[in-house]
Protein chains: 2
Amino acid sequence: MIGIKHIATELGVSVATISNALAGKGRVSRELGERIRRRAEELGYRPSLAARALKQGRTGILGLVMPDLTNPLFPRIAQTVSIAAERRKLGVLIADSRGSADEQTEAVRRLVGRGVDGLLVVKQRGTVLEPLPVPVAVVNTASDPQNTVSADHAGGGALVARHIADIGHRRVVLYGGDPVSEVQRDRIAGMASALEAGIRARVLWSTGDIAHLLNAVEQGATAILTTSDLLALRVRSALMRVGVSVPEAVSLTGFDDLPLATAMHPALTTVAQNVEAIAERAIESLTRALQGEDGPDIGRTVAMRLVVRESTAIPAFSPNRRHHHD
Amino acid sequence: MIGIKHIATELGVSVATISNALAGKGRVSRELGERIRRRAEELGYRPSLAARALKQGRTGILGLVMPDLTNPLFPRIAQTVSIAAERRKLGVLIADSRGSADEQTEAVRRLVGRGVDGLLVVKQRGTVLEPLPVPVAVVNTASDPQNTVSADHAGGGALVARHIADIGHRRVVLYGGDPVSEVQRDRIAGMASALEAGIRARVLWSTGDIAHLLNAVEQGATAILTTSDLLALRVRSALMRVGVSVPEAVSLTGFDDLPLATAMHPALTTVAQNVEAIAERAIESLTRALQGEDGPDIGRTVAMRLVVRESTAIPAFSPNRRHHHD
DNA sequence: ACGCTTGAGTTAAACGTTTAATCAAGTCTG
DNA sequence: CAGACTTGATTAAACGTTTAACTCAAGCGT
């Protein structure tokens with residue numbers, strides 16, 4: 001490997017001058033500076049990040065902690081984070097917390113132990129982050145006190161609920177994945193809050209028996225609002241099995257706008273999370289903190305966007321019964 | 001931060017002894033060794049990876065390059081890799097190549113520039129990797145000469161094709177995503193090779209018009225074999241739109257066994273990739289190379305597994321289909 | 001002619017480890 | 001009991017940068 005020293009002896013100057021020229025910092029004449037940079041380029045000089053890290057106490061690496069790397073949103077987050085980081089010449093080290101709170105703490109420790117300069121953590125349901133020696137940006141949900149930035153899950157829920165109410169539904173069921181998740185709870189809460197009096201909303205969770213859901217439909221619910229696209233696809237399948245058509249008999253909505261939303265039939269009405277904006281802001285907040293410009297931009301929330309597709313429609317006339325489509 | 005030096009002065013010994021005791025390397029008396037380790041533990045000593053990296057020339061970090069981080073398999077790969085790496089006390093730095101071959105080269109360079117000890121690259125369709133100063137494990141497909149380990153895509157194709165043939169289909173269409181992808185081509189080729197003479201197979205690509213596909217069905221094809229679950233879901237939707245039922249009228253298969261495979265209706269027959277085994281082996285090969293035990297275990301392939309669900313069935317008798325001898 | 005500033009570089013220390021070389025005792029060996 | 005190992009620990013160099021402090025010469029105003 002070719003280092004600063006090599007260039008220095010080759011050009012007959014001191015290493016400090018090379019360092020200065022390359023960093024554009026100290027006093028180096030225009031001419032010599034040029035010459036140094038040119039030669040470094042020619043030699044394909046790549047600074048030793050390890051040495052730099054040792055000296056400056058910063059590694060130029062960010063840690064990304066996800067509750068579970070198999071999370072369907074992980075790819076988009078990882079992508080945006082990695083691109084945003086790269087633009088700032090930072091690396092991204094990933095760590096999985098495998099769904100457990102303890103593992104999350106462990107993951108964070110490992111990353112800190114590796115000397116990351118900052119941490120971006122997509123937080124586990126309801127866990128608390130211990131104080132850390134590096135800046136942290138937390139992505140979760142607005143109702144989380146430690147949150148730095150997140151989608152407006154409640155707002156998104158309200159958005160889709162309002163849409164359903166607007167087109168005339170009066171009996172709906174809100175179908176959540178797992179009540180221990182803050183995000184899921186917020187989405188459900190948002191939906192509930194947006195439904196005016198006069199609308200009957202029943203909350204069910206997928207941790208229970210799906211028969212309850214079918215029951216509710218039989219008893220006259222005309223819309224099912226789920227907290228995730230995958231859940232919606234499951235519901236869609238269950239409905240199909242008992243011959244309930246979507247959206248003719250019941251309207252169905254998802255959450256997150258995953259790729260499958262457009263692939264299913266009918267294409268799913270859902271609410272999209274601007275993952276890119278969120279990740280971008282998180283990184284932004286992080287890099288600001290790194291540079292000491294500790295702006296208190298905590299608690300920002302990013303609006304969600306309603307995407308109306310084919311799975312929602314004006315409710316049919318008669319109160320719902322099981323019917324087979326013609 | 002508390003370093004080796006701190007412990008040394010505190011215990012009145014030299015730093016070298018501390019280092020030796022902690023690494024279990026040099027000559028240190030049993031008793032003193034214990035004392036040092038205990039004290040280090042108490043003080044919460046964490047070695048500076050930067051310093052170590054500088055001295056040893058190894059960072060303890062692996063690079064993971066994916067063709068596109070939004071790839072649906074990325075989460076599982078990332079998860080397995082990160083866990084396997086962690087077990088070996090290695091970190092994982094991710095980089096996205098955004099689907100472009102040039103970006104892939106760039107991503108690799110960046111990671112190497114960051115001093116990763118080894119590289120795990122899930123290769124872009126048909127790109128060639130330049131020679132690198134660090135060990136590399138390539139995951140792609142067996143037909144790629146640079147491949148280190150991969151799923152047996154062709155074998156998987158054969159598996160699903162044989163299943164379709166076994167249950168009696170005689171006219172099928174093989175539906176691929178994009179012919180520039182080596183993986184997709186291998187899957188299609190595997191399917192084709194497993195179909196005995198007497199079976200009419202037509203190959204179509206999703207880059208073309210989907211009408212061709214519906215056409216083929218109208219002309220008597222009773223099964224559609226796709227190269228991806230998402231593609232299968234798309235086909236399923238298209239069929240539904242024109243009133244063709246699955247599996248009664250036509251059987252449908254996917255590839256990869258994504259979460260959506262069980263969520264759709266009918267549950268999708270597909271072929272599962274043992275991503276975990278692949279990632280594990282790749283890391284294994286990589287770490288072996290790191291330790292100099294350069295075993296030529298190149299070209300290993302991991303079998304795929306057929307998962308029969310509800311989307312495939314014995315073909316129904318259909319009046320507009322020609323009869324033939326078995 | 002004098003001290004002052006300024007521009008252009010150099011020197012040398014420091015970052016926190018690892019590791020080869022060295023050393024001081026004590027223990028064998030014959 | 002002298003030399004030869006052995007054991008336990010120390011010294012000091014090295015890894016490749018960054019950076020504060022310093023030198024040296026030239027230009028400048030008074």
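Here is how names work: the chains are called A, B, and so on, in the same order as the sequence lines, proteins then strands, and each is numbered from 1.
Here A:R52 lies in heavy-atom contact (under 4.0 Å) with sugar-phosphate atoms only. Within 4.0 Å (heavy atoms only), A:S19 reaches at least one base atom of the nucleic acid. Within 4.0 Å of B:S14, counting heavy atoms only, lies at least one base atom of the nucleic acid.
Side-chain atoms of B:K55 and base atoms of C:dT18 include a donor and an acceptor less than 3.5 Å apart.
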> Taking it one step at a time, do B:R98 and B:E106 satisfy salt bridge (Lys or Arg N to Asp or Glu O under 4.0 Å)?
Replying inline: CA-CA 11 Å; B:R98 277 166 254 171; B:E106 257 318 298; over 6 Å; no

> Could you walk me through whether B:E42 and B:R39 pass the salt bridge (Lys or Arg N to Asp or Glu O under 4.0 Å) check?
Replying inline: CA-CA 5 Å; B:E42 286 168 11; B:R39 195 72 192 111; 2.3 Å; yes

>> Using the rule given for salt bridge (Lys or Arg N to Asp or Glu O under 4.0 Å), can you reason through B:E34 versus B:R37, listing the C-alpha separation, both sets of side-chain angles and the distance that settles it, and then say yes or no?
In response: CA-CA 5 Å; B:E34 278 309 323; B:R37 276 185 291 274; 3.6 Å; yes

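A straight line from CG of A:N20 to P of D:dT18 spans 9 Å, rounded to a whole angstrom. If you take CD1 of A:I4 and P of C:dC15, they are 19 Å apart, rounded to a whole angstrom. Atom CD in B:E34 sits about 17 Å away from atom C1' in D:dA9, given to the nearest Å. For the pair B:R30 CZ and D:dT7 C1', the computed distance is 14 Å after rounding to whole Å. For the pair B:H6 NE2 and C:dC15 P, the interatomic distance rounds to 15 Å; values are reported in whole Å. With rounding to whole Å, B:E31 atom CD is found 13 Å from D:dA9 atom C1'. Per the geometry, CZ belonging to A:R58 stands 13 Å off C1' belonging to D:dT17, to the nearest Å. Between the CD1 atom of A:I18 and the P atom of C:dA8 there is a distance of 16 Å, rounded to whole Å.
For A:K25, a side-chain nitrogen or oxygen approaches OP1 or OP2 of D:dT19 to under 4.0 Å.
For the pair A:G33 and B:I2, nearest-nucleotide mapping onto DNA chain C gives the more 5' position to A:G33. Each of A:V13 and A:Q56 lies near DNA chain C, and the nucleotide nearest A:V13 is the one positioned closer to the 5' end. Residues B:S29 and A:S48 both approach DNA chain D. Their nearest nucleotides, taken by heavy-atom distance, put B:S29 toward the 5′ side. Checking B:A16 against B:A51, the closest nucleotide of DNA chain D that is more toward the 5' end is the one next to B:A16.
No side-chain N or O of A:S82 forms a donor-acceptor pair with one of B:D96 less than 3.5 Å apart.
Atom CD of A:E41 has 12 or fewer heavy atoms from other residues, nucleotides or ligands within 6.0 Å.
Distances from the side chain of B:L32 to the nucleotides D:dA9, C:dT18, C:dG9 place D:dA9 closest. The side chain of A:Y45 lies closest to D:dT17, out of D:dA12, D:dT17, C:dT17.
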